[in-house]
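Here the structure is laid out as structure tokens; the discussion comes afterwards.
The structure presented is a predicted model; accordingly, all values stated were derived computationally and were not measured. One is the number of the first residue; the rest follow in order along the sequence.
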Amino acid sequence: MKIVLERDVLADAVAWTARALPSRPTVPVLAGIQMRAGAELTFSSFDYDVSAQATVPATSVEEEGSALVSGRLLAEISRSLPARPVTITADPGSGRAVLTCGSATFNLLTMPEEEYPSLPEMPPAAGSVGSDAFATAVSQSAIAAGRDDTLPALTGVRIEIEGDTLTLISTDRYRLAVRELRWNPQRGDQSAAVLVPARALSETARALTAGAEVSIALALPGEDGQGGDGMIGFEGAGRRTTTRLLGGEFPRYQALLPTNLQITAELSTSALTEAVKRVALVAERNTAVRLSFSSGQLMLEAGTGDEAQAQEIMEASFEADDLSIAFNPQYLLDGLAAIDSDIARISFTEPGKPALITGKPGPDGAPDYRYLLMPIRLGS
């Protein structure tokens with residue numbers, strides 16, 4: 001194999017592919033990135049759960065072939081190279097791949113390709129969605145995903161497909177995020193619900209914004225002979241990835257969303273965010289910031305009588321009986337950052353019950369993003 005390509009092209013392709021490398025590979029070859037030069041130049045990685053592949057143009061392909069090298073090392077090298085053309089050669093008999101860029105030369109040990117697993121095929125295409133809109137929706141929904149691997153179903157983002165609407169949902173039992181967006185399905189009557197690992201989904205959505213659209217492919221368990229938990233794939237701008245779906249039972253979130261909101265407060269999102277950050281400076285780990293609403297204002301408080309204390313008062317559109325509630329400050333800040341609106345609406349059914357945080361309503365009068373936050377019980 002002998003190829004020549006631009007440094008930036010190499011660095012971008014390797015960075016995308018390296019995202020699927022396992023931190024603790026079960027077998028050594030899974031720590032590798034496979035380079036294959038033919039009609040197209042591809043970089044691939046696979047850990048049996050997530051696969052990633054980047055197809056890029058080469059300045060020239062003088063000899064076709066392939067090589068498997070350490071993915072982490074290749075990623076570090078490609079980031080550090082000068083802005084010059086890169087030449088990569090590999091002779092199967094030598095056990096080495098040689099990377100040259102300007103005056104720098106690296107000799108990399110190759111791994112046995114016969115031990116490397118074949119990448120899974122992309123599932124059937126289900127539809128497409130604008131890449132920027134998809135990235136925003138994923139970041140808004142994934143913020144509430146759990147990080148406790150003993151509860152794997154809560155570490156995912158549930159994606160519901162119903163006609164031309166995608167709904168993305170996540171929860172860690174203390175908060176719930178729901179985001180709806182339009183997409184272009186392959187079939188207008190399509191209906192499905194899958195659970196995608198939140199971390200893999202977030203990294204994928206961020207990395208695919210270089211193209212205008214993201215194609216979503218889906219293979220449900222038992223569909224067309226698909227075994228296990230099924231698979232979802234994403235493709236755009238010469239990049240593609242597949243991820244094995246999560247199993248387990250996702251909570252019935254619809255019952256958690258309040259339908260009879262009695263009280264609503266409206267505040268400046270930026271002003272509230274800055275106030276929460278300031279007041280939370282005195283809050284010990286896992287302690288609450290208290291919000292006390294009264295006519296026309298909100299008072300934020302943190303700290304106890306034996307520790308440092310903070311208090312701040314700000315304007316709020318609130319016309320109801322006085323109400324006090326307390327939240328984990330980081331969870332509150334996550335919700336405020338996700339609503340993507342200059343006005344934050346905090347709605348309540350009754351004191352002590354979860355609060356619903358939304359931005360400005362959409363054209364149909366309903367918000368496309370909802371963030372439900374459990375309160376922390378106030379001490380007497």
Side-chain angles (χ1 to χ4, degrees), residues 3-21 32-47 49-61 66 71-72 74-79 81 83 85-86 88 119-142 157 159 161 164 166 168 179 181-186 194 196-219 231-245 340:
I3 57 175
V4 181
L5 71 166
E6 294 299 320
R7 189 282 308 269
D8 289 347
V9 172
L10 172 67
D12 288 345
V14 171
W16 163 261
T17 311
R19 54 175 287 279
L21 294 172
I33 285 180
Q34 187 178 52
M35 302 179 290
R36 186 177 296 276
E40 297 177 311
L41 178 58
T42 61
F43 296 83
S44 308
S45 63
F46 184 37
D47 71 349
D49 287 327
V50 179
S51 75
Q53 187 176 84
T55 303
V56 297
T59 304
S60 69
V61 178
S66 62
R72 304 271 180 219
L74 182 61
E76 291 174 1
I77 291 171
S78 61
R79 284 196 302 265
L81 294 174
V86 181
I88 302 175
L119 267 66
E121 296 290 332
M122 281 289 283
S128 62
V129 62
S131 61
D132 289 340
F134 185 61
T136 298
V138 169
S139 66
Q140 289 176 309
S141 56
V157 174
I159 300 180
I161 299 172
D164 64 353
L166 284 180
L168 290 77
R179 170 64 201 271
L181 75 159
R182 299 294 182 184
W183 79 315
N184 304 307
Q186 290 286 94
V194 297
V196 185
R199 181 178 176 184
L201 181 62
S202 297
E203 292 175 352
T204 296
R206 285 196 304 267
L208 288 178
T209 54
E213 284 193 334
V214 174
S215 175
I216 301 177
L218 186 61
M231 182 184 297
I232 193 168
F234 303 93
E235 185 171 10
R239 310 287 190 262
R240 62 165 52 184
T241 184
T242 64
T243 302
R244 191 173 67 178
L245 298 174
D340 192 24

Does a side-chain heavy-atom distance below 4.5 Å link [X] with [Y]?
X	Y	result
L245	V196	yes
V14	I77	no
L74	M35	yes
E6	P85	yes
T241	E203	no

Please step through side-chain hydrogen bond (donor to acceptor under 3.5 Å, both in side chains) for the pair T204 and R19, ending with a clear verdict.
CA-CA 9 Å; T204 296; R19 54 175 287 279; 2.7 Å; yes
Any donor-acceptor N/O pair, [X] side chain to [Y] backbone, under 3.5 Å:
X	Y	result
T42	A54	no
R72	L21	yes
S78	L10	no
S45	T17	yes
R7	L81	yes

Enter the distance from [X]:[atom1] to [Y]:[atom2] here, rounded to the nearest 0.5 Å.
X	Y	atom1	atom2	answer
S215	F234	OG	CZ	10.0 Å
L41	I88	CG	CD1	7.5 Å
T55	W16	OG1	CH2	11.0 Å
L208	D132	CG	CG	11.0 Å
R179	L168	CZ	CG	8.5 Å
I216	M122	CD1	CE	10.0 Å

Using side chain to side chain contact (heavy atoms under 4.5 Å, CB included), reason through D12 and R239 one step at a time and then give a plain yes or no.
CA-CA 10 Å; D12 288 345; R239 310 287 190 262; 3.7 Å; yes
Contact summary for [X] and [Y], nearest pair of heavy atoms:
X	Y	value
E235	R240	OE2-NH2, 3.2 Å
F43	A13	CD1-CB, 3.8 Å
V56	V9	CB-CG1, 3.6 Å
A142	S202	CB-OG, 3.4 Å
V157	S141	CG1-OG, 4.0 Å
A37	V61	CB-CG1, 4.0 Å

Quick one: do F134 and L201 satisfy side chain to side chain contact (heavy atoms under 4.5 Å, CB included)? Show the steps, please.
CA-CA 10 Å; F134 185 61; L201 181 62; 4.0 Å; yes
Report, as yes or no, whether the 6.0 Å neighbourhood of atom CG on D340 holds more than 12 heavy atoms from other residues, nucleotides or ligands.
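For D340, atom CG is not crowded (no more than 12 foreign heavy atoms under 6.0 Å).
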For S44, which of Q53, R36, Q34 qualifies under side chain to side chain donor-acceptor pair (under 3.5 Å)?
Q53
Run the numbers on T242 and S51 for side-chain hydrogen bond (donor to acceptor under 3.5 Å, both in side chains), then give the verdict.
CA-CA 5 Å; T242 64; S51 75; 2.5 Å; yes
